[in-house]
Amino acid sequence: ILKKSAAEEEARKDEKPHTLSAEEAVTKAREVYGLGNIDAAAVKELDSYDDRNFVFPSTTFTFDGSSAPPSTSPTIFKIHNGVESDNPALIEAHNAVLQHLLSGGVTVPEPLRVNSSSSPSVIGWITLPKLRTPTETRKHAVRLFGYIEGVVVGQTASEKDELWRDIGRFVGLMDQKLLMIPEVPAALRGRVHMWDLKNIPALSGFKQYIEDESRQKLQQRVIASFLERVQPKISVLRSAVIQNDANEMNILIDETRTKVTGIIDFGDCLETCLVFEIAICLAYMMLAKDDPLQAASHIYAGYTSELALTEDEEDLLHLLVCSRLVQSVTMSAFSSFKDPTNEYLKLTATSGWTLLAMLEEMGQEEFMRRLKNPK
């Protein structure tokens with residue numbers, strides 16, 4: 001399982017959609033989704049690990065039966081990497097999760113229908129040159145999403161405690177709703193994914209991409225602790241569908257920087273251990289902060305006001321936060337090796353190693369004491 005997970009992660013880099021201009025993206029999207037005129041000069045491509053995402057300015061939808069609102073509004077055009085494109089059942093499962101959350105009042109991207117009177121599908125298909133062998137082509141799955149107003153949290157040095165609390169509450173409420181999914185799609189229940197925290201042991205296979213020897217040793221210590229403490233308890237931890245990437249680039253907030261407006265990017269969504277969600281959120285939100293535990297304590301307070309942790313989950317939280325940081329910096333090193341020109345891949349690298357070293361030195365007891373006692 002771990003070998004398959006690692007192989008898929010490598011394949012995602014090789015199967016990333018080929019670069020295309022804003023004009024080409026607009027043309028493809030208009031064909032699939034029946035969009036009206038779009039000014040290509042106003043189109044913006046977003047940073048992404050494995051896919052390509054374009055923000056389109058306000059436009060109209062030119063076919064009857066579109067699920068988009070009648071008023072014009074911006075949209076997000078997503079071109080999936082080859083691995084996910086070869087697994088449409090997974091994309092359908094992610095659509096089902098989004099619709100479940102939307103029906104429960106959680107603000108997430110709404111998938112919009114393709115331009116077809118005979119099909120209610122929200123998944124379209126386009127053909128592009130292959131990234132590594134451009135003389136060959138392949139099909140990529142695409143989706144178009146409604147736009148959520150807001151800005152990303154980003155890696156600022158500090159934020160209002162009010163914002164951290166609202167982030168925690170929002171993620172906790174989202175997880176409450178996800179626990180209520182009537183039937184977990186099979187594609188999420190059986191998904192093998194490198195970004196599932198269950199697969200931390202597989203990171204040993206990527207150690208060689210970490211250039212600094214002391215950081216390699218730090219990675220190995222966290223993996224050893226995971227094998228000793230987390231692995232034996234996975235079967236007794238609560239299981240749930242989780243978003244699995246509630247990070248500083250996926251949570252959107254308002255202009256006053258006090259309230260969450262929504263969350264995006266469910267590409268890593270799967271069924272796994274529920275506690276992984278808050279561990280992932282804490283790991284990313286502490287990055288590059290003047291006082292990481294101040295932020296974390298208010299996020300934790302907000303989250304547990306909506307969804308309390310069990311004793312086992314609390315006991316493992318410090319190690320799970322460290323595990324996510326190891327996962328992030330290790331895969332950043334690997335991804336940068338595969339795509340050295342992509343600066344986005346290095347976003348968490350430096351601050352991630354710094355935070356990881358600090359948390360290891362702090363230890364579990366002091367981490368939990370500060371987490372439960374916000375200033």
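We use all heavy atoms of the structure for the numbers below, so side chains are in, but hydrogens, waters and symmetry mates are not. Residue indices begin at 1 and follow the sequence shown.
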N/O donor-acceptor pair under 3.5 Å between [X] side chain and [Y] backbone:
X: Glu277; Y: Val241; answer: no
X: His298; Y: Ile167; answer: no
X: Lys217; Y: Arg215; answer: no
X: Asn81; Y: Glu15; answer: no
X: Gln243; Y: Asp265; answer: yes
X: Ser336; Y: Ala333; answer: no
X: His18; Y: Pro134; answer: no
X: Lys289; Y: Gln294; answer: no
X: Gln219; Y: Leu203; answer: yes
X: Arg143; Y: Ile76; answer: no

Output the distance between atom [atom1] ([X]) and atom [atom2] ([Y]), rounded to the nearest 0.5 Å.
X: Ile148; Y: Ile264; atom1: CD1; atom2: CD1; answer: 7.0 Å
X: Met286; Y: Glu248; atom1: CE; atom2: CD; answer: 12.0 Å
X: Arg238; Y: Thr272; atom1: CZ; atom2: OG1; answer: 13.5 Å
X: Leu188; Y: Phe266; atom1: CG; atom2: CZ; answer: 11.0 Å
X: Ile299; Y: Arg169; atom1: CD1; atom2: CZ; answer: 11.5 Å
X: Met358; Y: Leu293; atom1: CE; atom2: CG; answer: 5.5 Å

Of all heavy-atom pairs between [X] and [Y], which one has the smallest distance, and what is that distance?
X: Met249; Y: Gly154; result: SD-CA, 4.3 Å
X: Val32; Y: Trp125; result: CG2-O, 3.9 Å
X: Glu24; Y: Ser21; result: OE1-N, 2.7 Å
X: Lys198; Y: Cys273; result: CE-SG, 3.9 Å
X: Leu197; Y: Leu320; result: CD1-O, 4.2 Å
X: Pro111; Y: Asn95; result: CG-OD1, 3.6 Å

Original post:
Relative to the ring of Phe77, is the ring of Phe54 parallel (under 30°), tilted (30 to 60°) or perpendicular (over 60°)?
Top reply: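 Tilted.
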
For residues [X] and [Y]: do they belong to one hydrophobic cluster (side chain heavy atoms under 4.5 Å, members Ile, Leu, Val, Met, Phe, Trp, Tyr)?
X: Tyr284; Y: Leu319; result: yes
X: Leu227; Y: Leu218; result: yes
X: Val114; Y: Val26; result: yes
X: Phe276; Y: Leu270; result: no
X: Leu282; Y: Leu178; result: yes

Looking at [Y] and [X], is any side-chain nitrogen of the basic one under 4.0 Å from a carboxylate oxygen of the acidic one?
X: Arg165; Y: Glu162; value: no
X: Asp86; Y: Arg138; value: yes
X: Asp315; Y: Arg229; value: yes
X: Glu84; Y: Arg12; value: yes
X: Arg189; Y: Glu271; value: yes
X: Asp14; Y: Lys338; value: yes

Original post:
How far apart are the C-alpha atoms of Thr137 and Leu128, what are their side-chain angles, what is the distance that settles it, and do they pass the side-chain contact (heavy atoms from CB on, under 4.5 Å) test?
Top reply: CA-CA 5 Å; Thr137 61; Leu128 293 175; over 6 Å; no

Subject >> Pair Asp312-Thr310, side-chain donor/acceptor within less than 3.5 Å >> reply: no

**OP:** Please determine, by modelled atom types, if Asp175 and Tyr303 share a side-chain donor-acceptor pair under 3.5 angstrom.
**Re:**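 The answer is yes; a qualifying pair exists.
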
Original post:
Going through the checks in order, is the side-chain contact (heavy atoms from CB on, under 4.5 Å) test met by Leu317 and Tyr300?
Top reply: CA-CA 11 Å; Leu317 188 56; Tyr300 180 81; 3.8 Å; yes

**OP:** Step through the shown structure and confirm whether more than 12 heavy atoms of other residues, nucleotides or ligands are within 6.0 Å of NZ on Lys44.
**Re:** no

Subject >> Greater than 12 external heavy atoms within 6.0 Å of Lys28's NZ >> reply: yes

Is there side-chain contact between [X] and [Y], with heavy atoms separated by less than 4.5 Å?
X: Val230; Y: Ile200; value: no
X: Ser297; Y: Arg370; value: no
X: Ile91; Y: Asn87; value: no
X: Ile263; Y: Leu101; value: no
X: Glu149; Y: Thr261; value: no
X: Val97; Y: His100; value: no
X: Thr135; Y: Lys130; value: no
X: Glu8; Y: Met194; value: no

**OP:** List for me each residue that meets salt bridge (charged side-chain N to carboxylate O under 4.0 Å, His left out) alongside Asp51, sequence neighbours excluded, and say none if there are none.
**Re:** Lys78

**OP:** For the pair Trp353 and Ile210, evaluate side-chain contact (heavy atoms from CB on, under 4.5 Å) and give the outcome as yes or no after the intermediate values.
**Re:** CA-CA 11 Å; Trp353 284 113; Ile210 302 171; 3.8 Å; yes

**OP:** Check step by step if side-chain contact (heavy atoms from CB on, under 4.5 Å) holds for Asp50 and Val83.
**Re:** CA-CA 10 Å; Asp50 305 321; Val83 173; over 6 Å; no

Subject >> Test applied, side chain to side chain contact (heavy atoms under 4.5 Å, CB included); reference residue, Met285; option that passes from Val171, Leu163, Asn247, Ile251 >> reply: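 Considering Val171, Leu163, Asn247, Ile251, a side chain to side chain contact (heavy atoms under 4.5 Å, CB included) with Met285 is found only for Ile251.
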
Original post:
Which residue pairs pass the ring-ring contact (aromatic ring centres under 6.0 Å, His included) test with at least one member in residues 307-339, sequence neighbours excluded?
Top reply: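 As it turns out, the ring-ring contact (aromatic ring centres under 6.0 Å, His included) pairs with a partner in residues 307-339, which skip direct neighbours, are Phe206-Phe334, Tyr209-Phe334, Tyr209-Phe337, His318-Phe367.
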
**OP:** Using side chain to side chain contact (heavy atoms under 4.5 Å, CB included) as the criterion, list what pairs up with Asp268, not counting sequence neighbours.
**Re:**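 Checked Asp268 against side chain to side chain contact (heavy atoms under 4.5 Å, CB included); matches are His193, Trp195, Asn244, Asp245.
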
